[in-house]
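Remember, it's a predicted structure, so these values are computed and weren't measured experimentally.
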Amino acid sequence: EMRKIVSMALIVIMLLGGMAGVVMASVENGQITSTNVGGYQILSGVSHAPIEITNDSQFDAAHGVVGGDGSEGNPYRIEGWDINASGYTYGIHIQDTTKYVQINNCNISGSDSNGVVIQTTNCIQITNTTIDNCGSNGIYLSSVTDTISVSNTNISNCGSSGIYVYAGSNSIMGVDLLNNNIDHCNRGIYFFAWSYPIRNSVISGNTIHHCTNEGVRLQSYDFTTRVIENILIDNNEIYSNNNGIYFMDYYGGLIRDCTISGNYIHDNVNYGIQLDRYGSVDSVVDNQIYQNTIENNGNYGIYSEIGRAHV
């Protein structure tokens with residue numbers, strides 16, 4: 001059996017203007033993989049323990065940060081890591097921070113619960129990352145307020161949702177989910193306004209398939225404070241799930257002024273698009289559905305039990 005050689009390498013990446021970024025990396029069998037990002041090489045496939053950051057002072061090399069200063073133009077970068085999260089409830093957990101952060105080109109697998117957890121913060125970008133085989137959610141977003149984006153990321157084989165956006169202890173707005181692939185999860189994308197509203201967010205360009213329940217689910221509970229509004233769902237391909245897109249209010253939870261357009265929704269077991277309620281109040285209202293291609297679904301292409309939907 002070939003002996004496994006592990007050493008530590010200090011790699012200095014020279015940037016424009018004489019600046020240098022320093023990355024500590026594991027090297028197995030003498031090989032390091034890298035990719036070109038922004039004109040310089042970024043490591044990939046380098047092992048790292050699960051990362052937890054719960055205040056701004058922890059943005060350092062010990063917590064997986066390889067560069068940046070936390071500003072809008074130069075966010076802290078957590079990138080290139082291969083994280084086996086078995087035995088942990090997260091692969092990356094960021095909470096109660098105020099800095100700009102980018103999670104890029106990471107591989108996260110095997111978490112007992114969530115792959116990435118973002119709570120009580122803003123200004124986080126997750127991009128070009130792979131998340132697989134998590135007990136609950138691939139990405140869990142809670143109490144995020146602005147400038148949260150997930151793009152060009154692959155999420156698969158998660159026991160709950162690929163991406164779960166949960167308004168349990170604060171309102172949520174400004175979440176952009178763009179050009180991701182989500183497959184073989186219980187749900188693809190799930191917005192749940194449990195105690196506070198979810199507003200002004202975008203689900204666009206994603207491919208969502210082979211999920212046990214819905215490709216996209218929006219759910220609100222009790223319309224007095226729990227509102228989902230102004231969500232754009234466009235240009236997604238949603239197929240081979242139980243339902244394609246599903247809006248559900250519980251006891252009058254309000255879902256309004258959302259747009260479903262330009263999607264290709266096909267070959268789902270039941271409905272392409274379903275608008276539903278649990279209770280006696282019609283509160284899935286004033287949503288726009290247009291210019292979608294909906295075909296080969298097991299039941300109705302569009303099924304609306306309640307509310308005012310402009311089709």
Side-chain angles (χ1 to χ4, degrees), residues 33 35 44-51 78-94 102-118 124-142 148-166 175-192 201-218 233 235-246 263-270 297:
T33 58
T35 187
S44 62
V46 180
S47 296
H48 198 288
I51 294 166
I78 299 171
E79 58 192 3
W81 300 123
D82 190 346
I83 299 173
N84 182 344
S86 179
Y88 289 79
T89 58
Y90 58 86
I92 297 175
H93 178 200
I94 300 176
Q102 184 180 78
I103 299 169
N104 180 58
N105 196 34
C106 291
N107 298 311
I108 300 167
S109 64
S111 168
D112 293 356
S113 186
N114 303 299
V116 176
V117 179
I118 307 296
I124 308 289
Q125 298 178 347
I126 303 169
T127 185
N128 296 316
T129 287
T130 298
I131 301 171
D132 181 63
N133 194 30
C134 296
S136 292
N137 306 292
I139 298 174
Y140 175 81
L141 305 175
S142 177
I148 302 293
S149 68
V150 181
S151 64
N152 300 305
T153 286
N154 290 301
I155 303 171
S156 58
N157 299 305
C158 294
S160 293
S161 300
I163 301 174
Y164 184 30
V165 180
Y166 176 63
V175 174
D176 293 339
L177 309 179
L178 311 173
N179 304 316
N180 304 290
N181 178 80
I182 302 172
D183 65 271
H184 294 92
C185 299
N186 185 36
R187 294 186 173 96
I189 294 172
Y190 185 12
F191 281 24
F192 188 18
S201 297
V202 176
I203 300 169
S204 180
N206 304 282
T207 302
I208 305 170
H209 58 101
H210 292 96
C211 292
T212 306
N213 284 299
E214 304 87 11
V216 176
R217 180 182 179 117
L218 271 56
I233 304 172
N235 293 312
N236 304 282
E237 183 176 7
I238 303 171
Y239 67 94
S240 297
N241 309 286
N242 187 47
N243 288 310
I245 296 174
Y246 183 55
N263 302 283
Y264 183 27
I265 304 169
H266 63 98
D267 295 293
N268 297 286
V269 174
N270 286 311
N297 298 286

Side chain proximity check, Ile139 to Tyr164, heavy atoms < 4.5 angstrom | no
Taking atom CD1 of Ile208 and atom CG of Asn263, what is their separation to the nearest 0.5 Å?
-> 9.0 Å
Indicate whether any N or O donor in one side chain lies under 3.5 Å from an N or O acceptor in the other, for Ser151 and Thr127.
-> yes
For the residue pair Tyr239 and Thr207, establish whether any side-chain heavy-atom pair is separated by less than 4.5 Å.
-> yes
Identify, with sequence neighbours excluded, every residue that meets side chain to side chain contact (heavy atoms under 4.5 Å, CB included) alongside Asn157.
-> Asp132, His184
Check: Ile94 and Ile103 side chains under 4.5 Å, non-hydrogen atoms | yes
Note, Leu177 side chain near Phe191 side chain (heavy atom, < 4.5 Å) | yes
OG1 of Thr89 to CG of Asn114: how many Å apart, nearest 0.5 Å?
-> 7.5 Å
Taking atom NE2 of His93 and atom CD1 of Ile51, what is their separation to the nearest 0.5 Å?
-> 12.5 Å
Could you tell me whether the side chain of Leu218 reaches within less than 4.5 Å of the side chain of Ile233, counting heavy atoms only?
-> yes
So do Arg187 and Cys211 actually touch side chain to side chain, heavy atoms under 4.5 Å?
-> no
Find the distance between CD1 (Ile245) and CD1 (Ile265) and round it off to the nearest 0.5 Å.
-> 4.0 Å
Let me see the working for Trp81 and Val46 under side-chain contact (heavy atoms from CB on, under 4.5 Å), right down to the final yes or no.
-> CA-CA 5 Å; Trp81 300 123; Val46 180; 3.6 Å; yes
Could you tell me whether Tyr88 atom OH has more than 12 heavy atoms of other residues or ligands within 6.0 Å of it?
-> no
Got a sec, which residues hit side chain to side chain donor-acceptor pair (under 3.5 Å) with Tyr190, two or more places apart in sequence or on another chain?
-> Gln219
Please report the C-alpha distance between Asn268 and Asn243 in whole Å, then the side-chain angles of each, then the deciding distance to 0.1 Å, and finally whether the side chain to side chain donor-acceptor pair (under 3.5 Å) criterion is met.
-> CA-CA 6 Å; Asn268 297 286; Asn243 288 310; over 6 Å; no
With a 3.5 Å cut-off and no angle check, do the side chains of Asn128 and Asn105 form a donor-acceptor pair?
-> no
Chi angles and distances behind the side-chain contact (heavy atoms from CB on, under 4.5 Å) call for Asn236, Val216 | CA-CA 10 Å; Asn236 304 282; Val216 176; 5.8 Å; no
Which distance, rounded to the nearest 0.5 Å, do you find between the CG of Asn241 and the CG of Asn186?
-> 10.5 Å
CD1 on Ile155 to CD1 on Ile189, rounded to 0.5 Å | 8.0 Å
Should Leu178 and Ser204 count as side-chain neighbours, where that means a heavy-atom distance under 4.5 Å?
-> yes
Option passing side-chain hydrogen bond (donor to acceptor under 3.5 Å, both in side chains) with Asn206 (candidates Asn180, Thr153, Asn179) = Asn180
Only one of Ser160, Ser113, Ser111, Cys158 clears side-chain contact (heavy atoms from CB on, under 4.5 Å) with Asn137; which?
-> Ser160
Are side-chain N/O atoms of His209 and Glu237 paired as donor and acceptor at under 3.5 Å?
-> no
